[in-house]
Amino acid sequence: MGAQRVRSYSLMAKFMHWAFIGVFVFGVINQVDEVEELESFTLLMTEVSFAIVFLSLLLFRFVYMRSARAAMPQLDMPKSLILLSQIVHLGMYASLALIAITGLIIGGLYYFGVKDGLVLEAILLSHEIFFWTSVNLMGLHIAGAIYHRLQGDGVWSAMVPIMKEDPDK
């Protein structure tokens, strides 16, 4: 335990990791409460713009973090934990992207006059499912970070700017 340690991620990787939390929280705080609010063209365009920026940042973060992670040495961990970590990370990216994509579909349907019906209800339900999936995956991600903090393997300190692990472990 603690024999193999991970070196720290770059300042850019850490910034994107923590800043994206702010982007997500901003989106949640400023979400549309009722789909009828999209009657306002200004609000609709604001939501569409946010979704496009969100998707762009998510894609950039995904590509950047894949290259940053590739440069990191592999930890000596059970294959099942590595697989779980990969599933949680990819699941977060997919569910976050699908939140924005379903939001764009909702906006498009609403813009083109589909303001009720089964299709809109299905997309609204999908949007909500993807949101809650991402929240649950974030919870698993946090649990994994705490697990690594307790293991003292350097993963926590590689990305978290507080409560650094003791390097003498």
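Note: hydrogens, waters and symmetry copies are ignored here, and every other heavy atom, side chains too, is used. Small disclaimer: the values here were computed from a predicted structure and weren't measured.
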Report summary line: Residues joined to Leu125 in its hydrophobic cluster, side chain to side chain under 4.5 Å directly or through other members, sorted by chain and number, are Ile129
Query - side chain to side chain contact (heavy atoms under 4.5 Å, CB included) involving Leu83 - partner list, sequence neighbours excluded - result: Gln86, Ile87
Query raised in the report: Restricting to pairs with a member in residues 99-119, which pass salt bridge (charged side-chain N to carboxylate O under 4.0 Å, His left out), not counting sequence neighbours?
Result: Glu39-Lys115
Query raised in the report: Can you check side chain to side chain contact (heavy atoms under 4.5 Å, CB included) on Ser95 and Leu137, steps first, answer last?
Result: CA-CA 9 Å; Ser95 61; Leu137 288 169; 4.1 Å; yes
**Report entry** Phe54 and Leu96, any side-chain heavy atoms less than 4.5 Å apart
**Finding:** yes
Query raised in the report: Do any N or O atoms from the side chain of His89 and from the backbone of Ser85 form a donor-acceptor pair under 3.5 angstrom?
Result: yes
Requested in this report: Treating Ile, Leu, Val, Met, Phe, Trp and Tyr as nodes and any side-chain heavy-atom pair under 4.5 angstrom as an edge, say whether Tyr110 and Leu118 lie in one connected cluster.
Outcome: no
Report task. Please identify each residue that fulfils side chain to side chain contact (heavy atoms under 4.5 Å, CB included) with Leu109, with sequence neighbours left out. Result -> Ile105, Val114, Val119, Leu120, Ile123
Report summary line: In this structure, CE of Met45 is separated from CD1 of Ile52 (nearest 0.5 Å) by 8.5 Å
Report summary line: Interatomic distance, CE@Met92 vs CG@Leu90, rounded to 0.5 Å, equals 9.0 Å
Please tabulate, for the side chains in residues 16-30, all donor-acceptor contacts under 3.5 angstrom to protein atoms that are two or more places apart in sequence or on a different chain.
{"residue": "Trp18", "atom": "NE1", "partner": "Met159", "partner atom": "O", "Å": "2.9"}
{"residue": "Asn30", "atom": "ND2", "partner": "Phe26", "partner atom": "O", "Å": "2.9"}

**Report entry** Under the side chain to side chain contact (heavy atoms under 4.5 Å, CB included) test, residues paired with Leu55 that sit two or more places apart
**Finding:** Ala97, Ala100, Ile101, Leu104
Query - Value rounded to 0.5 Å, distance of CD1 in Ile99 from OG in Ser134 - result: 3.5 Å
Report task. Could I get the full list of side chain to side chain contact (heavy atoms under 4.5 Å, CB included) partners for Leu43, not counting sequence neighbours? Result -> Val32, Glu37, Ser40, Glu47
Report task. With sequence neighbours left out, write down each residue that passes side chain to side chain donor-acceptor pair (under 3.5 Å) with Tyr111, or none if nothing qualifies. Result -> none
Requested in this report: Enumerate the residue pairs fulfilling side chain to side chain donor-acceptor pair (under 3.5 Å) with a member in residues 52-65, sequence neighbours excluded, ordered by first and then second residue.
Outcome: Ser10-Tyr64, Arg61-Tyr93
Query - Leu57 and Phe60, any side-chain heavy atoms less than 4.5 Å apart - result: no
Query raised in the report: What pairs meet the salt bridge (charged side-chain N to carboxylate O under 4.0 Å, His left out) rule with one or both residues in residues 125-141, with sequence neighbours excluded?
Result: none
Query raised in the report: In terms of hydrophobic clusters joined by side-chain contacts under 4.5 Å, are Phe50 and Phe41 together?
Result: yes
Requested in this report: Can you measure from NE2 (His141) to CE (Met138) and round to the nearest 0.5 angstrom?
Outcome: 9.5 Å
Report summary line: So side chain to side chain donor-acceptor pair (under 3.5 Å) across residues 99-108, not counting sequence neighbours, yields Thr102-His127
Query - Atom pair CZ (Phe130) and CG (Leu98), whose distance is rounded to the nearest 0.5 Å - result: 4.5 Å
